[in-house]
Amino acid sequence: MTAPLPLSTELSRWLREAAWMRWPELKDRDVPWDVVPATRPEFGDYQCNAAMSAAKLLRRAPRDLAAELLAAAGSHPAVGHVDIAGPGFINLTLNTAWVELALDSLSADPRLGTPRPGEGQTIVMDYSSPNVAKPMHIGHIRSTVIGNALDRIHRFLGYRVIADNHLGDWGTQFGLLLLGFREFSNLTAYEAEPIEELERVYVLSYQRSQEDPAWLEAARAELVKLQQGDPAARALWRSFVDHSLREFDKIYQRLGVQFDLVRGESWYNDRLPGVIQRLLDLGLARESEGALIVDLSDEGLPPCIVRKRDGGYNYATTDIATVLARCEEFAPSSIIYVTDERQQLHFRQIFAIARRLGVQCELRHVWFGLMRLPEGTFSTRQGNVIKLERLLDEAEKRALEIVRANSPDLPEEQQRAIARAVGIGAVKYADLSQNPQSLVVFTWEKALAMDGNSAPYLQYACARIASVLDKYAERFPDRDWARAPIRLQEPIERELGVRLLQFAEAVLQAAAACRPNLLTDYLYNLSQVYSRFYQTVPFLRAPDGVRESRVRLSAGVAQALRTGLSLLGIETPSRI
RNA sequence: GCUCCCGUAGCUCAGCUGGACAGAGCAUCGGAUUUCUAAUCCGAUGGUCGCAGGUUCGAAUCCUGCCGGGAGCGCCA
């Protein structure tokens with residue numbers, strides 16, 4: 001049998017349809033018919049708060065409405081009993097036998113009942129997008145990790161996702177870089193540590209440009225040569241990009257991040273004149289102070305410059321070209337950009353212009369708070385950047401110390417593998433478990449937290465369950481938990497079972513809100529309940545049948561944790 | 001000057017499309033292991049949800065103002 005999941009969706013539909021049948025006049029009114037998990041255990045498993053809102057519209061007593069609604073809805077197989085409490089809350093307690101059956105089918109499903117609402121739809125996801133010739137630092141981790149989690153979540157929900165790493169590989173800094181490279185570079189250093197060398201060269205070239213107008217002029221000339229396709233400039237630039245990409249790939253490999261496309265800004269270069277032409281043809285752009293702008297004042301936005309006074313194009317032009325190209329090539333239902341908060345205005349402008357150009361697909365900017373250091377913002381010039389590589393190294397190092405202390409019997413190689421999964425997982429989780437829009441002040445302590453609400457806590461729960469399954473197989477070789485029915489006897493068991501049913505809801509919510517922390521919240525809570533279950537209820541020593549039920553429930557929890565963590569890009573070793 | 005975001009326990013943060021006495025983790029204090037991984041669990045302490053109004057049966061959540069912090073606002077990306 002297939003359980004009607006997600007349960008809250010199903011129950012909401014049940015009550016909403018009954019309400020609309022009973023009170024057709026409320027159909028277009030804004031009444032929250034949603035059934036949501038109960039806020040407190042004594043209120044049952046789910047609750048509906050619609051009666052109070054409806055009461056206002058119908059000028060009736062809310063408790064009466066609640067009673068009429070329940071009478072109209074009749075019974076639902078999942079609902080054991082209902083209560084009307086307080087001013088008119090409808091409290092639903094699930095039928096435990098139904099929950100048991102739902103878990104029987106759910107725990108056999110690797111997706112834990114998660115639907116695929118995205119089938120047939122494409123999403124382009126634009127994330128990470130570091131700048132060529134600069135090292136990835138801790139400021140890049142948010143876009144990369146949050147973007148990758150949203151990428152994985154959407155794929156899981158059936159969307160065709162095109163993950164595109166929109167590299168910053170074009171722009172005025174390349175004039176200084178090309179010129180500086182010819183003058184200052186050390187080729188040996190460039191081969192060994194390309195990004196560091198390019199960074200050094202850039203800083204020198206930048207400094208000289210501040211003091212020497214002729215140098216600045218020469219840099220501009222280099223940029224023009226590059227943009228006009230001069231073979232020598234082009235070749236050198238290509239080398240910068242390739243070397244940078246190789247360095248970025250080391251980080252991506254460690255983070256388990258893969259892209260379908262790596263198209264930098266340069267990829268759109270040839271399309272820029274066409275974009276300008278379209279804007280002009282449609283009468284959307286006009287000249288102002290020598291530059292070409294799109295006036296957006298009727299949307300309350302400042303004008304957007306799409307061509308500079310000197311005839312050059314800027315990032316706005318590129319981003320418009322990018323939207324158009326993506327729509328043409330992939331026909332996505334939406335394009336999601338994951339960047340920091342500073343680009344909010346920029347994307348509002350880009351989206352407004354794209355719509356005027358006839359772009360239909362949903363355009364979504366998922367922004368997150370800029371990462372800062374306790375002493376303020378960091379920048380290359382202040383020399384206070386913390387490189388991503390160093391953060392990952394430190395995470396693995398600290399994790400390895402803990403692994404060695406806790407599992408001294410394991411071979412060195414396995415300890416290292418566990419430390420990688422735990423360390424990288426901790427770093428990712430620290431970022432993913434926060435509301436993306438919170439302002440983030442980087443501290444080592446926070447970024448590397450490995451106890452409490454952290455990835456290792458969840459990984460630990462998984463490892464414990466793996467161990468339980470091993471022990472079971474060892475001690476009861478002729479029994480099979482996978483076929484035994486799940487029975488929920490103890491309150492903690494029931495709580496765990498109901499919680500497990502809510503996996504799909506958590507994934508769907510995280511996707512809809514583009515907030516991975518909704519998923520981490522769910523997973524953390526599930527493991528907390530599991531830890532309590534593990535602590536208070538014996539399973540391998542439980543009687544026949546009960547033992548199998550508990551082992552099977554544990555296996556279901558492990559499945560949820562593994563799947564959930566994989567959606568966040570976090571590994572789950574069978575031992576930690 | 002205008003726009004956006006943030007201000008919740010000593011610290012770090014959830015909760016914010018309004019719902020029933022405000023939740024975690026860390027820290028502090030006290031407990032739990034002859035048994036399935038103690039990277040765990042149980043208990044205690046700890047909050048005028050920045051301030052002041054307003055809307056509502058009901059506000060941390062919505063609206064207005066103020067205070068404090070961050071970011072952005074035409075030729076950088």
Side-chain angles (χ1 to χ4, degrees), chain A residues 30 32 34 36 38-40 42-43 47 49 52-53 55-56 62 85-89 91 129 131 168 170-173 265 288-293 300-310 312-316 318-319 339-346 348-349 367-370 372 376-377 399 402-403 405-407 422 430 433-435 437-441 443 445-446 449-454 456-457 459-461 463-472 475 513 517-518 520-521 524-525 527-528 530-542 547 550-551 554 575-576:
Chain A
D30 187 24
D34 302 18
V36 296
T39 52
R40 305 168 67 80
E42 59 264 40
F43 301 148
Q47 66 182 52
N49 307 323
M52 280 87 76
S53 309
K56 207 177 300 180
F89 294 102
N91 293 334
S129 308
N131 289 322
W170 206 244
T172 44
Q173 77 271 25
E265 294 161 8
S288 167
E289 296 174 35
L292 197 67
I293 65 160
L301 294 171
C304 181
I305 292 183
V306 292
R307 192 178 64 200
K308 298 187 279 186
R309 196 193 315 218
D310 65 6
Y313 306 108
N314 60 7
Y315 60 103
T318 306
D319 276 341
T339 82
D340 73 53
E341 60 186 316
R342 291 175 300 185
Q343 302 203 32
Q344 286 178 80
L345 177 59
H346 168 66
R348 282 172 66 194
Q349 292 177 315
W367 59 266
F368 52 84
L370 189 64
R372 289 176 194 73
T377 49
I402 300 173
V403 174
N406 286 290
S407 309
V422 169
S433 58
Q434 268 187 71
N435 185 330
Q437 301 188 344
S438 305
L439 183 147
V440 175
V441 176
T443 62
E445 186 193 21
K446 255 195 300 180
M450 299 200 191
D451 49 14
N453 187 356
S454 69
Y457 180 91
Q459 290 168 324
Y460 178 66
R464 269 175 153 181
I465 295 170
S467 176
V468 166
L469 298 183
D470 286 349
K471 290 262 161 48
Y472 179 88
R475 294 186 200 173
N517 75 306
L518 298 180
T520 62
D521 281 354
Y524 179 59
N525 183 274
S527 337
Q528 277 184 309
Y530 185 78
S531 291
R532 239 184 305 144
F533 167 73
Y534 183 94
Q535 204 78 25
T536 51
V537 175
F539 14 110
L540 292 185
R541 292 187 310 137
R547 174 176 53 237
R550 288 177 180 163
V551 170
S554 297
R575 282 201 62 167
I576 77 166

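To find a chain, count down the sequence lines: A is the first, B the second, and so on, and within it residues start at 1. For the numbers below, each heavy atom of this structure counts, side chains included, while hydrogens, waters and symmetry mates do not. Predicted, not measured: the structure shown is a model, and the values here were computed from it.
The residue A/Asn517 sits close only to the backbone: its heavy atoms come under 4.0 Å of sugar-phosphate atoms, none of a base. At a threshold of 4.0 angstrom between heavy atoms, the contacts of A/Leu345 are confined to the sugar-phosphate backbone, with no base atom among them. Among the atoms of the strands shown, only primed sugar atoms or phosphate atoms (P, OP1, OP2) are found under 4.0 Å from some heavy atom of A/Arg532. Contact annotation for A/Phe43: base contact, defined as any heavy-atom pair under 4.0 Å involving a base atom.
The distance from atom OG1 of A/Thr339 to atom NE2 of A/His346, rounded to the nearest 0.5 Å, is 8.0 Å. Here the CZ-OG distance, from A/Arg309 to A/Ser288, works out to 9.5 Å after rounding to the nearest 0.5 Å. Taken from CG in A/Asp340 to CG in A/Leu370, the straight-line distance is 5.0 Å, to the nearest 0.5 Å.
With ring centers used as reference points, A/Tyr524 lies under 6.0 Å from A/Tyr457. With ring centers used as reference points, A/Phe533 lies under 6.0 Å from A/Phe539.
Place A/Asn314 and A/Pro32 on RNA chain B by their nearest nucleotides, and A/Pro32 ends up nearer the 5' end. Toward the 5' end of RNA chain B, the nearer of the two residues A/Val441 and A/Arg309, judged by each one's closest nucleotide, is A/Val441.
Aromatic stacking of A/Phe89 on B/G19: not satisfied for centres closer than 5.5 Å together with planes under 30 degrees.
Taking the centre and axis of the six-membered ring of A/Tyr534, the NZ or CZ atom of A/Arg464 falls inside the cone set by 45° and 6.0 Å.
The phosphate of B/A38 (OP1 or OP2) has a side-chain N or O of A/Tyr460 nearer than 4.0 angstrom. For B/A39, the OP1/OP2 oxygens have a side-chain nitrogen or oxygen of A/Asn406 closer than 4.0 Å.
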B/S/- along nucleotides 57-69 of chain B (protein heavy atoms under 4.0 Å) is BB-----------

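Heavy-atom contacts from other residues, nucleotides or ligands closer than 6.0 Å to CG of A/Asp30 number 12 or fewer.
Partners of A/Tyr313 according to the ring-ring contact (aromatic ring centres under 6.0 Å, His included) rule, which considers only residues two or more places apart in sequence or in another chain, do not exist here.
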Report each atom pair, protein N/O against N/O of nucleotides 34-36 of chain B, whose distance is under 3.5 angstrom.
| unit_1 | atom_1 | unit_2 | atom_2 | d |
| --- | --- | --- | --- | --- |
| B/U35 | O2 | A/Arg541 | NE | 2.9 |
| B/U35 | O2 | A/Arg541 | NH2 | 2.4 |
| B/C36 | O2 | A/Leu540 | N | 3.1 |
| B/C36 | N3 | A/Phe539 | N | 3.4 |
| B/C36 | N4 | A/Tyr534 | O | 2.7 |
| B/C36 | N4 | A/Val537 | O | 3.0 |

